Amino acid sequence: MASLSEEVLLVVKRVRQRKQDGTLYLMAERIAWGPEGKDRFPVSHLYADIRCQKISPDGKAKIQLQLVLHTGESSTFHFANESTALKDRDATKELLQQLLPRFKKKANKELEEKNRMLQEDPVLFQLYKDLVVSQVISAEEFWANRLSLSSVEHSLSNDSKQEVGISAAFLADIRPQTDGCNGLRYNLTSDIIESIFRTYPTVKQKYAENVPHNLTEKEFWTHFFQSHYFHRDRLNTGQQDIFSECAKQDEKGLKSMVTQGVKNPMVDLLALEDKTLDEGYGTAAAPSTSNVTKTLRENSNCAIIKRFNHHSAMVLAAGLRRAEPCSDQTSETSSTDGNSRDSDFFQPPLKKVKLQEAIEYDDLQSDCRRKPISLNLKKSDRYSHGPVPLQSQPYTSSQDILNSIAVIQQEMKSYKPRLTQVMSSSAASSAITSLSPGGVLMQGGSQQTVNQLVPSDLQSELKHLYTAAGELLRHFWTCFPVNTLFLEEKVVKMQSNLERFQLTKLRPFQEKIQRQYLSANLTAHLEEMLQAAYSKFQAWQSRRMMRKT
Amino acid sequence: MESEDEINILVIVIDINPIWWGQQAQREPKFTLSKCLDAVMVLANSHMVMARTNKLAIIASLYQESHFLYPSKNWKSGDDIASSGDGKYELLSVANDLFAEQIKKLIDRKVNCTQTETLLAGSLSRALCYINRVSKEVDAGQDMKSRILVIKAAEDCTLQYMNFMNVVFAAQKKNVLMDACMLDMDSGLLQQACDITGGLYLKIPQKIALAQYLLWVFLPDADQRSHLLLPPPVHVDYRAACFCHRNLIEIGYVCSVCLSIFCNFSPICTTCETAFKMPLPQMAKTKKKKVKTVN
């Protein structure tokens, strides 16, 4: 660590760290600081360990740079050289900005992924706690099956990230704030700047031309907002404005858009004019005599509507225009309107398709699908009685039937409801006793389900035991059939894991249940599953022994 | 407000199979059809008196037909209502008179019976149709709770199984409770029906106290039942019977085409004659020694 075997990229003198003067060295793979005159480097961080860097704001007296590591520690460096402190700090910052992304550890992503998975799924988290933290199985085994699935998904999601579109209100969202003394403060974020560049390629071109040669970034944007290009009424655009060209180009673009029109045969834009029905209905078209002398208000309305249309067209076009690499810059600057791209797409075949869509309905076409196979039942009378058991019907002779009917008819001839003598009180009271709690009909109602007998914390513990046991047993059973050496070792390991699980988790739980005098045998099924695994293992082992001998 | 009251409709389906009741009259003269009808009338009156918005319908279920006893098409309201003279609520007296009249007419007709079993599925579907009709006539915003009470005397008829199950599932869909009061013997079908729709099933030990059982157990409606201590639900035997022997089985084979249940495996389903391709068990392949013919 004392010898500088790596290439040194930057050396900054007069840097203080923890109130000690020293020198800061930026090397190929690490950043190191050593006190003045000494040869050793008490502070040295690999770029891979650094999570981010922070700088003190511009107005402060102390010019500092802070490095935050992944572990959470941070080291602060104070640039104490009077004349060149700011430059030094900025140079260091730029260099770090370029170097840090290169060294971002890939393994870290995996750790983050694991953490994310554990946080999202509480069942998984519980399983992890039960198995890994209590040392029943190792962490690698736990993640072996799971990470492979997630890394595939992760890479897929990274590759096919969707493009973010442009909000049509991005200019309006800037919302200038008053500065207190007659000035306005515009907050520009990189998102807004990107939106402006994507929508108005001419502005991007101007930016590329002027910054950083003629104007700084701040000055450029100040000019932009001050120019009438940005403001509502573009009246005085003839002056010395870098954006006057942009305004002219916009006009040209709008005109070309109008001449191109829309190639969809179903859309008739000319039908959208205001039509008059009669006097007083709709707006009357002004007679041609007053064509020349349009009022000032009409003019400005016309201009602002034109600007709105242009803006919306540019936003849409920017969304359609894919973020192509720099090779396509020429086409970008040449076509200020996006429709010129779209015109390539609207060819005659599309017109045909659109017409066909409008004429035909899929539902009304004749059904030319294959005929489905029909059910062919040979003994359909089986369904009439369905899956009910055969019951013996008592045989009634026809004589009996006739007798019964006669009796009933006789009885009903003289039927008069006697509602005051429906039943005797003794019959009623015996019925009530049979219906009261403890009576003949009320037996079997006081059984409580296991759900109610066992307290809920025991229930949740049992659930955790089940998931943990399930996980272990899954690992165990996937080893069979044992073909490779790896599987053999795994089987033996899983057997010992299962035994350890039974000892450390299952037995204490059973004892706990017994202590609470619960008679329900809650762990019988778990024991059964473990026994099945043990017997399988023993059978496999004995077969292996036999094969060896 | 009156419009906010819930409407509770109770449809009583009585099994008045004359063959069974005739034999019952000979077996046990103390409890005859008239007594049963009286008890049902008591329940009906009590239900109508419980709330002004309660509705009632009574269906008699015979072999080969089912008949609406109340409300009836032949009911001429308004004219010549014979007042009972004892100051009874007029609705009740009208209902009782109508009930008695209709049942007398029903029993008196000469019918030739080709089958002796009660047409329960038919009565139940008519009950459901009636409930459906009434629910459409209800004002918007009014709830209607409906239940069907089946008073069963004779045995089950297994030929009606499909229709019966359809009715039960339709009732479940429509949130109609089905209760069953069994006079003589248990019925597996009605046990299933009560279990599926959430109603009560009761086989009463003493027939002469029928009215008491009806009032105690079957008068309260679904909301009130949760506050009362009523007989616990019976354990329903949901085992199916195989189509070949009609034995109850717990594990069986089901044809994937026609869904018929068998107790033994057979490669051809006897109901729909589908042949099943079964994968043969892997035979241990012995290594064949190549015999080289040397010419």
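Quantities reported herein were computed from a predicted structural model and do not represent experimental measurements. Every chain is numbered from 1, with letters handed out A, B, ... down the list of sequences.
Between A/A431 and B/Q212, the closest heavy-atom pair is CB-CG, 3.7 Å.
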Assess the residue pair A/L419 and B/M41 against the criterion (side chain to side chain contact (heavy atoms under 4.5 Å, CB included)); give the C-alpha distance rounded to whole Å, side-chain angles, the decisive distance to 0.1 Å, and a yes or no. CA-CA 8 Å; A/L419 295 182; B/M41 210 182 282; 3.9 Å; yes
Under the side chain to side chain donor-acceptor pair (under 3.5 Å) criterion, do A/Y383 and B/T271 qualify, and how do the steps go? CA-CA 10 Å; A/Y383 288 96; B/T271 320; 5.4 Å; no
Show your working on side chain to side chain contact (heavy atoms under 4.5 Å, CB included) between B/E273 and A/L377 and close with a plain yes or no. CA-CA 7 Å; B/E273 303 209 337; A/L377 293 175; over 6 Å; no
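Put simply, the side chain of B/Q23 never gets that close to the backbone of A/S404: no donor and acceptor are under 3.5 Å apart. Using a distance-only test at 3.5 Å, with no hydrogens or angles considered, no donor-acceptor pair links the side chain of A/R382 to the main chain of B/S260. Between the A/K378 side chain and the B/T270 main chain, no donor and acceptor come within less than 3.5 Å of each other. Checking side-chain atoms of A/Q409 against main-chain N and O of B/I107 turns up a donor-acceptor pair under 3.5 Å.
One distance of note links NZ of A/K413 with NZ of B/K104; it measures 11.5 Å at 0.5 Å rounding. Taking NZ of A/K379 as the reference point, atom CZ of B/F243 lies at 12.0 Å (rounded to 0.5 Å). How far CG of A/L441 is from NZ of B/K203: 9.5 Å, rounded to the nearest 0.5 Å. In this structure, CH2 in B/W216 is found 9.0 Å from OG in A/S434, a value given to the nearest 0.5 Å. Expressed to the nearest 0.5 Å, how far CE of A/M423 lies from CZ of B/F31 amounts to 11.0 Å.
Contacts of A/S430 with chain B are made by both backbone and side-chain atoms, with heavy-atom separations under 4.5 Å. No part of B/N247 comes within reach of chain A, as not one of its non-hydrogen atoms sits under 4.5 angstrom from that chain. Proximity to chain A is limited to the side chain of B/A25, based on heavy atoms less than 4.5 angstrom apart. Contacts of B/I249 with chain A are absent, with no heavy-atom separation under 4.5 Å from either backbone or side chain. For chain B, the nearby part of A/Q421 is the backbone; its heavy atoms alone come within less than 4.5 Å. With a 4.5 Å cut-off on non-hydrogen atoms, B/N45 touches chain A through its side chain but not through its backbone. For B/I16, no part lies near chain A; criterion is any non-hydrogen pair under 4.5 Å.
Each of A/E411, A/Q410, A/K416 has some count of heavy-atom pairs under 4.5 Å with chain B, and the biggest count is that of A/E411. Ranking B/V217, B/I261, B/L230, B/N96 against chain A, the residue ahead of the rest is B/L230, based on heavy-atom pairs under 4.5 Å. When each of B/S34, B/C272, B/A240, B/A209 is scored by its heavy-atom pairs under 4.5 Å with chain A, the top score falls to B/S34. The choice from A/I432, A/D400, A/V422, A/I408 that makes the most heavy-atom pairs within less than 4.5 Å of chain B is A/I408. Top candidate by heavy-atom pairs under 4.5 Å with chain A, chosen from B/M162, B/Q160, B/Q26, is B/M162.
The only member of B/L37, B/T32, B/L33 that meets side chain to side chain contact (heavy atoms under 4.5 Å, CB included) when paired with A/Y415 is B/L37.
By the 6.0 Å contact criterion, CD on B/E250 is open, its count of non-hydrogen atoms from other residues, nucleotides or ligands being 12 or less. The local environment of OH in B/Y238 is crowded, with over 12 non-hydrogen atoms from other residues, nucleotides or ligands closer than 6.0 Å.
Contacts with chain A (heavy atom to heavy atom, under 4.5 Å) involve these residues of residues 182-194 of chain B, listed by number: B/L189.
Between B/L229 and A/M442, some side-chain heavy-atom pair lies under the 4.5 Å cut-off.
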